[in-house]
Amino acid sequence: MVRRYVFRPVVVLAVLAALVVGILTTPAAATLGANFVDVELDEWVILMPETIPAGETVFMISNVGVDVHNVRIQGQGIDVSLPTDLQPGASARLEVALEPGTYQVTCPVLNHAALGMRLELTVTDEMMEEPTATTSATVTATAATPTRGPTTTPVMTPTATRMAPGAPIATPMTPTATAMPGATPPGLPETGVTPVAVATPGGVLPGEPAIALEQVVGDLIDPINVVVPPDGTGRIFVVERPGRIRIVEDGELLDEPFLDLVGSTLSAFLEQGLYDIEFHPDYATNGRFFVHFAELLRNGDSMIVEFTVSDDDPNVADPESARVIMQIEQPWANHNGGELAFGPDGYLYIGSGDGGWEGDPLGAGQDLSTLLGKLLRIDVDNEDERPYAIPATNPYTQTTQLVELFGIPEQVFADIHVNARPEIWAYGLRNPWKFQFDPETGDLWLPDVGQNVWEEINYLPAGTGAGTNLGWDFNMGTHCFPIEQEECPLVGMPPVAEYSHELGSTVIGIGVYRGTEIPDLDGVYLAGDYGSGRIWGIGRDEQDDWVMQELLDSDVMLTGAGQAEDGTLYVTSCNCVYNGPDPFQNPPGALWRIVVPEQ
C-alpha cells in the first residue's frame with residue numbers, strides 16, 4: 001500500500017482550539033509500499049512530521065515561502081539534498097531509503113538553518129495504523145515586521161509569518177542573531193550569547209595561513225584602489241583620490257597618469273574623490289572602461305562615466321571619449337560607496353552609500369525609491385543609445401499594469417513595489433566601499449562600513465542576491481542600531497562575519513585569494529581595516545562553519561584593494577585622515593602585494 005503522511009499545524013487560540021486534519025492523497029505513479037511525506041518550506045521553518053516509519057520514503061517538497069529554499073537530510077550514513085534550490089512556489093520530490101534512527105533535516109541555503117530551518121526527524125521501525133495519520137504542532141506567529149521599510153506589516157497568522165521578496169525578515173530576538181551559549185562579544189549587552197553562523201575574530205582557518213605585505217611602489221597621492229585590466233599585460237592601475245589613475249608597469253610607477261580628472265573631482269573631504277576604475281570584461285578588444293567619482297561642479301554628486309583608451313597609446317586614456325552613464329545625487333559629503341565591478345553575469349555592479357551624515361537620516365537603506373544605500377546592477381552593453389539598460393532579472397522591474405483587486409494571490413500583491421528603482425539589486429546598505437566577486441566561483445563578498453560599534457562582511461553565493469535586504473538601518477551586523485537599543489528584530493540577511501570597533505573602525509574588502517604562493521589561503525576572503533591595519537581571513541572550517549582568523553596586524557592605513565589576473569591580491573595605503581591637509585600635502589601612500597611571510 002502507499003502511505004502518505006501529511007503535516008498540518010494545530011493552532012491553540014485563547015478560547016478555541018482548532019485541529020486541521022490532512023487529507024489522504026495517493027500519487028498516480030506512486031511506488032508500492034513507499035511512504036509519501038509532505039514537506040513545506042517557509043520563512044524560517046520546515047513544516048513536516050517529526051516521526052515517520054522506516055523504509056522507502058518520498059518527500060514531496062513544496063516551497064510556500066518567498067525565498068529560495070532546499071532540503072538536506074543527514075544521518076545514519078545518509079547525506080542527500082535536492083540538486084537545485086527551489087524557487088518560491090516550486091515543488092520537487094526527494095526519494096531516499098531510511099533506516100530507523102535520528103536524522104537532521106535542514107535548509108542548506110546560506111544561513112537558513114541558523115534562522116530556524118532545521119528539525120530532528122525520528123524514523124521508527126513501527127508501522128503507523130492509519131495512512132491518514134497527521135502530526136500536530138503548535139505554531140506561534142513571529143513578531144510583526146518593523147514599520148520602516150518598503151513593505152507593509154503583514155497580518156499575523158497562525159503559520160510562520162510570510163513576507164515579500166527582499167522585505168525585512170523579523171524574528172523576536174536580543175541584539176544578536178539566533179544564539180548559542182558563549183561569551184558576549186565586545187560592545188554587546190551582556191546576554192551570554194554569541195551569534196550562530198556569524199564569524200568573529202579569534203577563529204582558526206584550516207592550515208593556519210599567514211601573510212605579509214611587500215611594498216611594490218610608493219610616492220602615490222592618497223591611493224584608494226587597485227585594478228588590473230583583463231588584457232594580459234600585467235599592468236596595475238592605482239586610483240589616487242584627488243582624481244588621477246596611475247599605472248605600475250614592471251614594478252615601476254609611470255610618470256604620466258592614465259587619466260587625470262583632478263580638475264573635475266571634488267576631494268576636499270576624505271570620503272570624496274575619484275573612487276574607482278573598472279575595465280570592461282572585453283577591454284582587450286574594445287578598450288572600454290568606467291570610472292566613479294565625485295564631480296566638483298555638481299557639488300559632489302556621484303558620476304559614473306565611460307571612457308575608452310586612446311588609439312595610439314595603451315597607457316593613456318582618451319579624455320574626449322567621456323560618456324556619462326549615471327548620476328547619483330549626494331545630499332552629504334560622506335557615505336558615497338564608490339566600488340564598480342563586473343559580475344560573472346557580465347553586468348556592472350555599483351556600490352552606493354546611504355548619502356551620509358550619520359544614522360541614515362534619509363532612511364535610504366530601506367527605501368526602494370532611491371539609489372542610495374543600495375547595490376545596483378545595470379547592463380552597459382545595451383545596443384540602443386541609452387546609457388544603460390536594466391537586466392530583466394533585476395528584482396524590481398515591474399511595468400505599469402491594470403489594477404485588479406480580486407482573485408489575486410497575496411504573493412502577487414506583496415511583489416508590487418511601484419516606486420522601486422529597477423537598478424536595485426540588493427538594499428539595506430550603509431556604505432559599501434569595497435566589494436569583490438570570487439573569480440573562481442562568482443560568489444559576491446560585500447563588506448559594509450559600520451556606524452560607531454560594528455563592521456560587517458556579507459556573503460551572497462553566486463546566483464543569489466536579487467532583492468536581498470542586508471539590514472541597515474535596523475541593524476549593524478547582527479546588532480541593534482542604535483546600539484543603545486537593547487532589543488530589536490534581525491532584519492534581512494545577516495552577515496557571515498563581523499568585528500567590533502575595539503579592533504578597527506572601517507572595513508576594507510580585499511578579495512578572495514586565488515594566487516599560488518600561499519596554498520592554505522586559497523578560497524579565503526580577506527578583509528582589512530583602515531583604522532587598525534589588521535587583515536583577517538574568512539572561510540569555512542572542517543565543520544563547514546564560518547571562521548575569522550587574524551592574518552596580520554600591520555601599521556599601515558588600508559584604503560583599498562584589487563586582484564591581478566593570476567589571483568594575487570594587492571592593497572593600497574595612505575597617510576590621510578579626516579580634516580587633514582590637501583591630499584597633495586599628505587605624506588605619500590603606497591601599493592602593497594600580499595605575500596607569504598619570511599621564515
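The structure presented is a predicted model; accordingly, all values stated were derived computationally and were not measured.
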TODO: Kindly indicate, with the supporting measurements, whether the criterion salt bridge (Lys or Arg N to Asp or Glu O under 4.0 Å) is fulfilled by D545 and R540.
DONE: CA-CA 5 Å; D545 294 324; R540 294 188 184 272; over 6 Å; no
>> Between L591 and V571, is the side chain to side chain contact (heavy atoms under 4.5 Å, CB included) condition met? List the steps.
In response: CA-CA 6 Å; L591 170 68; V571 297; over 6 Å; no
Item to complete: Take W425 and N394 through the test side chain to side chain contact (heavy atoms under 4.5 Å, CB included) and record every step on the way to the result.
Response: CA-CA 6 Å; W425 180 250; N394 275 17; 3.7 Å; yes
Next item on the list: Please report the C-alpha distance between T370 and L362 in whole Å, then the side-chain angles of each, then the deciding distance to 0.1 Å, and finally whether the side chain to side chain contact (heavy atoms under 4.5 Å, CB included) criterion is met.
Entry: CA-CA 10 Å; T370 176; L362 299 178; over 6 Å; no
### Task
Verify ring-ring contact (aromatic ring centres under 6.0 Å, His included) between Y525 and Y513, making sure each step is shown before the conclusion.
CA-CA 6 Å; Y525 182 75; Y513 185 83; over 10 Å; no
Point to revise | Test log, rule ring-ring contact (aromatic ring centres under 6.0 Å, His included), inputs F435 and W445 | key: CA-CA 6 Å; F435 61 85; W445 290 84; over 10 Å; no
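Residue S62 holds its OG atom at 11.5 Å from CG of D42, rounded to the nearest 0.5 Å. To the nearest 0.5 angstrom, H335 atom NE2 is 12.0 Å from Q272 atom CD. Separation of atoms CG (L551) and CD1 (I211) is listed at 5.0 Å; rounding is to 0.5 Å. One finds the CZ atom of R298 at 9.0 Å from the CZ atom of F293 (value rounded to the nearest 0.5 Å). Here CG of D260 is found 6.5 Å from CZ of R244. Values are rounded to the nearest 0.5 Å. Taken from CD1 in I236 to CD1 in I247, the straight-line distance is 11.0 Å, to the nearest 0.5 Å.
In the displayed structure, E410 atom CD is contacted under 6.0 Å by at most 12 heavy atoms of other residues, nucleotides or ligands.
Listed by chain and number, the residues in a side-chain contact (heavy atoms from CB on, under 4.5 Å) with N299 amount to none (sequence neighbours excluded). In this view, T441 and D438, D443 satisfy the side-chain hydrogen bond (donor to acceptor under 3.5 Å, both in side chains) rule, not counting sequence neighbours.
Comment: E249 does not engage R235 in a salt bridge, judged by the lack of any side-chain N to carboxylate O separation of less than 4.0 angstrom. Of the charged side-chain nitrogens involved, none lies within less than 4.0 Å of a carboxylate oxygen, so that E423 and R377 do not count as a salt-bridged pair. Salt-bridge check for D367 with R421: failed, with every basic side-chain N at 4.0 Å or more from each acidic carboxylate O. Looking at R430 and E358, a side-chain N of the basic residue comes within less than 4.0 Å of a carboxylate O on the acidic one, giving a salt bridge.
When only modelled atom types and interatomic distance are considered, S302 and Q330 share a side-chain donor-acceptor pair under 3.5 Å. Residues E456 and Y499 have side chains that never bring a donor and an acceptor to within less than 3.5 angstrom of each other. Judged purely by distance below 3.5 Å, without hydrogens or angles, the side chains of T265 and E295 never pair a donor atom with an acceptor atom. Side chains of T572 and W592: no donor on one and acceptor on the other come within 3.5 Å. Residues D276 and H292 bring no donor and acceptor atom of their side chains to less than 3.5 Å of each other. Residues D301 and Q327 have side chains that bring a donor and an acceptor to within less than 3.5 angstrom of each other. Checked by atom type, the side-chain pair E498/H479 shows a donor-acceptor distance below 3.5 Å. No side-chain N or O of D313 forms a donor-acceptor pair with one of N315 less than 3.5 Å apart. Between the side chains of D381 and H280, at least one donor-acceptor pair of N or O atoms lies under 3.5 Å.
Side chain of D354 to backbone of G356: a donor-acceptor contact under 3.5 angstrom is found. With hydrogens and angles ignored, the 3.5 Å screen pairs no side-chain donor or acceptor of Q411 with any backbone N or O of V66. Counting only distance, with no hydrogens or angles, the side chain of E455 and the backbone of G450 share a donor-acceptor pair below 3.5 Å. Side-chain N or O atoms of R246 include none that pairs as donor or acceptor with a backbone N or O of L253 at under 3.5 Å. In this structure, N63 contributes its side chain and L86 its backbone to a donor-acceptor pair below 3.5 Å. N334 places no side-chain N or O within donor-acceptor distance of the main-chain N or O of E271, the cut-off being under 3.5 Å. Between the R288 side chain and the E306 main chain, no donor and acceptor come within less than 3.5 Å of each other. Between the side chain of Q549 and the backbone N or O of P209 there is at least one donor-acceptor pair closer than 3.5 Å. Between the side chain of D222 and the backbone N or O of E240, no donor-acceptor pair lies under 3.5 Å. Of the possible donor and acceptor atoms, one in the side chain of N431 sits under 3.5 Å from a partner among the backbone N and O of G337.
Taking all atoms of both residues into account, the shortest heavy-atom contact from I277 to V239 is CG2-CG2, 3.7 Å. T308 approaches S321 most closely through the heavy-atom pair N-OG, 2.9 Å. Nearest heavy-atom pair across P88 and G65 is CB-O, 3.4 Å. The two residues A322 and V305 come nearest to each other via the heavy atoms CB-CG1, 3.9 Å. Taking both residues in full, the closest heavy atoms of L205 and V547 are given as CD2-CG2, 3.4 Å, listed atom of the first, atom of the second, then distance. In plain terms, the two heavy atoms of A497 and I538 that are nearest each other are CB-CD1, 3.7 Å.
L41 is listed as a side-chain neighbour of V71, based on a closest heavy-atom distance under 4.5 Å. Using a 4.5 Å cut-off on side-chain heavy atoms (C-beta onward), I378 and Y347 make no contact. With a 4.5 Å cut-off on side-chain heavy atoms, N458 and V496 do not count as touching. In this structure, the side chains of F474 and F481 stay at 4.5 Å or more apart for every pair of heavy atoms. No side-chain heavy atom of L375 sits under 4.5 Å from any side-chain heavy atom of L470. Residues P495 and T478 meet the side-chain proximity criterion, which asks for heavy atoms closer than 4.5 Å. Side-chain atoms of I594 and L213, non-hydrogen and from C-beta on, do get closer than 4.5 Å to each other. Side-chain atoms of V291 and L261, non-hydrogen and from C-beta on, do get closer than 4.5 Å to each other.
Each of L270, T559, L220, L274 was scored for a side-chain contact (heavy atoms from CB on, under 4.5 Å) with R241, with one residue passing: L270. Shown are C574, S573, C576; of these, the side-chain contact (heavy atoms from CB on, under 4.5 Å) with P223 is made only by C574.
Ring orientation note: the planes of W433 and Y275 are nearly perpendicular, at an angle over 60° on the 30°/60° scale. Between F258 and F237, the ring planes are perpendicular. Angles over 60° get that label, and only those under 30° would be called parallel.
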